[in-house]
Amino acid sequence: MTADETLAERPAAAAVGEPALVGLVRSAVAEAAPVRAPAVADVALYAPRQKIYPQRVHGTFRRIKWAILFVTLGIYYLLPFVRWDRGHGVPGQAVLLDLQGGRFYFFFIEIWPQEIYYVTGLLVIAAMTLFLMNALAGRVWCGYLCPQTVWTDLFQSIERWTEGDRREHLRRDQQAWTADRIARAAAKHFLWLMVAWWTGGAWVLYFADAPTLVKDLATFQAPLVAYAWIGILTFTTYALAGHMREQVCLYMCPWPRIQASLTDEHAFNVTYRYDRGEPRGSYKKAVALRAKGELAGDCVDCLQCVVVCPTGVDIRNGASLGCVQCGLCIDACDAVMTKIGRPTRLIAYDTDVNIKRREAGQPPVFKTVRVRTVLYAAIIAIIAGLMLYTLATRHAEGIAVIHDRNPIFVRLSDGAIRNAYTVRLLNKSRELRRFLLTAEGLADGLVEVVGDTQSPMGYPRVEVGPDQTREVRVLVTSYEHLPPAASVPLTFHAIDLETRQAATATDFFKGP
Ligand code: SF4
Ligand code: SF4
C-alpha cells in the first residue's frame, strides 16, 4: 500500500472512531517500503461549510428571544431620535458622540475628552458583567444579546418568511432556478440589504443631530464620511448576519474560547440530560421496553433539537464551541416531550454538578453565590460606585499645569528666580467665567500671565469662554533665598471670582 492509497483509506479510519491522522501514521509505519510524505495539498485541512436551514420553533425561549430582539433593535434604531433639553446652543440629542465639539452626551451626563476614564470604567464594568453572566448562566450573552446573534436571528426570520421554513427551503434549493425561486431569493436579499442599510444608517445618527442628518442624507448634502460609514456597515451587516452567521461564532469570535476557561460546574448551561435521555430510541421501542419493565430513555431520537439549532449543533453530544446557548432546542424538545406524554425539560438549563448529583441519587444544589460571582459583582459595584461618586461631585472647572522643561528657571538681573509654566484652564459651564490665578508655596511668589496687562500685579485674572479651555503662559517669580537645587512644591488655584469654586493643580518651583 502506498501513502497515496493510505490517504484514500482515511475516511474509513475516521468512521470507526480512529483520528484520521493517527490512522494515517499507523498505516504508513506498517509499510516496509519507503513511503513518500503526503503533499500538503493532498490533505483536506478544512471541511466545506454545511449550509444550515434552522426550522421555525415556538416556545418560552423563542418568545424571550423575540422580546429581546425587539427591545434591543428598537433601542438601537430609535435612540438617536430621543431628545434631551440641555439649554440654548447645546445639542438636544439624548445620546450623541459629538466628535467635532469633543463631547459625549448621554441624557443628563456630559463627558469631556479629559474624562475618558469614564469610558475605561464603563468598559471594565462591561467586561465584568460578561464574566458574571458567564459564571451564572454560561453563554447567555451569546444566545440572547450578542449583536451577531440578534441580527442573524432577524435575517433567518426574513429568510424563512421569503423562502419558507426548513423543508420548503431545502426543497427549493435543490430545484432549478424558476421564476418563483428567483423572486423569493431577490425579495430575501432586498430585505436583508434594507435591514443592513438601516443598521449602518442608525449608526451614523449617533454622531450628529439625527433629524438634521437624515434630511441631509436624503438630499445628498451629508458629509462623505457619513455615506462611507453607512456603506461599510451595510456591507458588514449583510455579510455577517446574512451569509457568515454561525461561522462568526465558530471561527472569528474570541469569546467562546475565553468563556470556556471562565465557566465552572455550577454555571447554568443548556444541557441534554443524558441521565434521563439515554438509552435513546424510537418512541415505539421505548414504549415496548417500558412495558417489559426495562430501561428506556426519554430521547426518541427525533432530531428536532438539531434541526431548530441556528448553528447546527447536536446538543446531545455535550458542550461545544458551536452552541451559543440560545435555548431553542429546549423549546423543540419540550414540544416533543409534551406530544409523547413525557415530562418536559429533557434539554434544560442545568449545571454539570447537578447532573452528577442526580446520577448519584442526590438532591440538586444551586450555588449562585460563589467566590467568582461575588468577586465579579464586587468589582462592578466598586467601579460603578466610584464613577457615580466622581460624576456627582465633579466640578465645572479644571486646571492643568506643565512646568517649562528648558530652561527650568532663569535668574533675573535683580537676582530673582523665575519659573515658567503652561497652564490650561477648563470651563465646563455654559457661561463665561473669570478666574483668579494664584500659586501657593512661596513666601513672596509673584504670579503673572504673559500678555495680561489688565489684572492688578500679582493677581492675574483669566477669562474662559463658555464650554471652553484656555491655555496661558504663567511666570512665577521669587526673591526668596532658596537652598541649592531647591524644588519647592507649588499649588496653583483657579478661583471663580463669582462663585468662589476653585480648581487646583500642583507642580514645583525650581531653584539654581
Ligand atoms: S428533541 Fe428531544 S427527543 Fe428529540 S432528539 Fe432531541 S433530545 Fe431527543
Ligand atoms: S444546541 Fe441548543 S442552545 Fe445550543 S445553539 Fe443549538 S439550539 Fe441553541
Side-chain angles (χ1 to χ4, degrees), residues 50-66 68-69 133-134 137-146 148-153 155-157 160 165-166 241 244-251 253 255-256 259-260 263 267-287 289-290 295-352 355:
Q50 301 290 322
K51 191 173 174 188
I52 295 163
Y53 299 80
Q55 186 171 289
R56 184 176 283 122
V57 65
H58 304 281
T60 310
F61 294 95
R62 182 61 267 182
R63 281 195 293 278
I64 293 172
K65 276 176 73 68
W66 279 131
I68 292 174
L69 185 146
M133 284 161 96
N134 180 65
R139 290 172 68 183
V140 69
W141 163 264
C142 302
Y144 297 87
L145 292 159
C146 169
Q148 174 63 21
T149 305
V150 173
W151 263 282
T152 300
D153 207 9
F155 275 51
Q156 284 175 339
S157 306
R160 275 194 290 264
D165 204 356
R166 179 183 160 80
M244 297 171 73
R245 299 182 177 181
E246 80 288 346
Q247 294 186 95
V248 176
C249 315
L250 285 170
Y251 306 118
C253 178
W255 179 235
Q259 72 92 35
T263 195
F268 279 90
N269 283 301
V270 176
T271 310
Y272 168 63
R273 290 171 162 164
Y274 58 83
D275 56 313
R276 206 191 111 186
E278 302 296 321
R280 69 184 78 159
S282 71
Y283 174 65
K284 275 187 189 166
K285 204 169 136 195
V287 170
L289 283 171
R290 284 193 198 105
L295 180 69
D298 276 343
C299 175
V300 292
D301 213 8
C302 62
L303 294 181
Q304 282 304 297
C305 51
V306 184
V307 295
V308 300
C309 177
T311 59
V313 163
D314 186 344
I315 189 74
R316 297 172 302 166
N317 294 336
S320 77
L321 207 68
C323 174
V324 293
Q325 305 268 310
C326 66
L328 294 182
C329 52
I330 302 179
D331 284 340
C333 191
D334 277 359
V336 175
M337 290 297 113
T338 308
K339 216 177 273 177
I340 64 171
R342 302 293 297 170
T344 56
R345 298 296 144 95
L346 171 58
I347 301 174
Y349 274 95
D350 207 346
T351 65
D352 286 352
I355 289 220

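Remember, it's 1-based here, ligands and their atoms both numbered in the order they're listed. This structure is a prediction, so every number in the text was calculated from the model and none was measured. Residue numbers count from 1 along this sequence.
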* **Atoms named by residue and atom, protein N, O or S, within reach of atom 6 (Fe) of ligand 1 (under 2.8 Å)** =>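 Protein N, O or S atoms closer than 2.8 Å to atom 6 (Fe) of ligand 1: Cys305 SG.
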* Heavy atom of Met337 under 4.0 Å from ligand 1? ->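 It does, in that a heavy atom of Met337 comes within the 4.0 Å cut-off of ligand 1.
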* To do: Verify the neighbour count for atom NZ of Lys284: are there more than 12 heavy atoms of other residues, nucleotides or ligands below 6.0 Å?
  =>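 No, because the 6.0 Å sphere around NZ of Lys284 holds 12 heavy atoms or fewer from other groups.
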* Counting only heavy atoms not in Tyr349, do more than 12 sit closer than 6.0 Å to its OH atom? ->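 Buried by this count: over 12 neighbours within 6.0 Å.
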Which pairs would a plain distance check flag for residues 327-337, meaning a side-chain donor or acceptor within less than 3.5 Å of a matching protein atom at least two apart in sequence or in another chain?
{"residue": "Asp331", "atom": "OD1", "partner": "Thr60", "partner atom": "N", "Å": "3.1"}
{"residue": "Asp331", "atom": "OD1", "partner": "Phe61", "partner atom": "N", "Å": "3.2"}
{"residue": "Asp331", "atom": "OD2", "partner": "Phe61", "partner atom": "N", "Å": "3.0"}
{"residue": "Asp331", "atom": "OD2", "partner": "Arg62", "partner atom": "N", "Å": "2.7"}
{"residue": "Asp334", "atom": "OD1", "partner": "Arg345", "partner atom": "N", "Å": "2.8"}
{"residue": "Asp334", "atom": "OD2", "partner": "Arg345", "partner atom": "NE", "Å": "2.7"}
{"residue": "Asp334", "atom": "OD2", "partner": "Arg345", "partner atom": "NH2", "Å": "3.1"}

* To do: Would you give the length of the straight line joining atom CG of Asn134 to atom SG of Cys142, rounded to the nearest 0.5 angstrom?
  =>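 SG of Cys142 is found 8.5 Å from CG of Asn134.
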* Asked: What distance separates Cys326 SG from Arg139 CZ, expressed to the nearest 0.5 Å?
  ->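 Going from the SG atom of Cys326 to the CZ atom of Arg139 covers 10.5 Å.
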* Take Tyr272 and Leu346 through the test side-chain contact (heavy atoms from CB on, under 4.5 Å) and record every step on the way to the result. => CA-CA 6 Å; Tyr272 168 63; Leu346 171 58; 4.1 Å; yes
* Arg273: partners by salt bridge (charged side-chain N to carboxylate O under 4.0 Å, His left out), with sequence neighbours left out ->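 Once residues adjacent in sequence are excluded, the partners of Arg273 under the salt bridge (charged side-chain N to carboxylate O under 4.0 Å, His left out) criterion are Asp350.
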* Can you list the residues that meet the salt bridge (charged side-chain N to carboxylate O under 4.0 Å, His left out) rule with Arg290, with sequence neighbours excluded? ->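 Only Asp298 meet the salt bridge (charged side-chain N to carboxylate O under 4.0 Å, His left out) criterion with Arg290.
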* Can you check whether Pro54's main-chain N or O pairs, donor with acceptor, with Arg160's side chain at less than 3.5 Å? ->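 Such a contact is found between Arg160 side chain and Pro54 backbone.
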* Any N, O or S atom of Cys326 closer than 2.8 Å to atom 4 (Fe) of ligand 2 ->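 Checking atom 4 (Fe) of ligand 2 against Cys326, no N, O or S atom falls under 2.8 Å.
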* **Nearest-contact summary for atom 4 (Fe) of ligand 2 - protein heavy atom, Å** =>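 Here the nearest protein heavy atom works out to Cys323 SG, 2.3 Å.
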* Asked: Measuring from the heavy atoms of Val324, does anything fall under 4.0 Å of ligand 2?
  ->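 Contact check Val324 vs ligand 2: positive.
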Subset of ligand 2 atoms that lie under 4.0 Å from at least one heavy atom of [X]:
X: Thr311; answer: 5 (S)
X: Cys309; answer: 1 (S), 5 (S), 6 (Fe), 7 (S)
X: Gly327; answer: 3 (S), 8 (Fe)

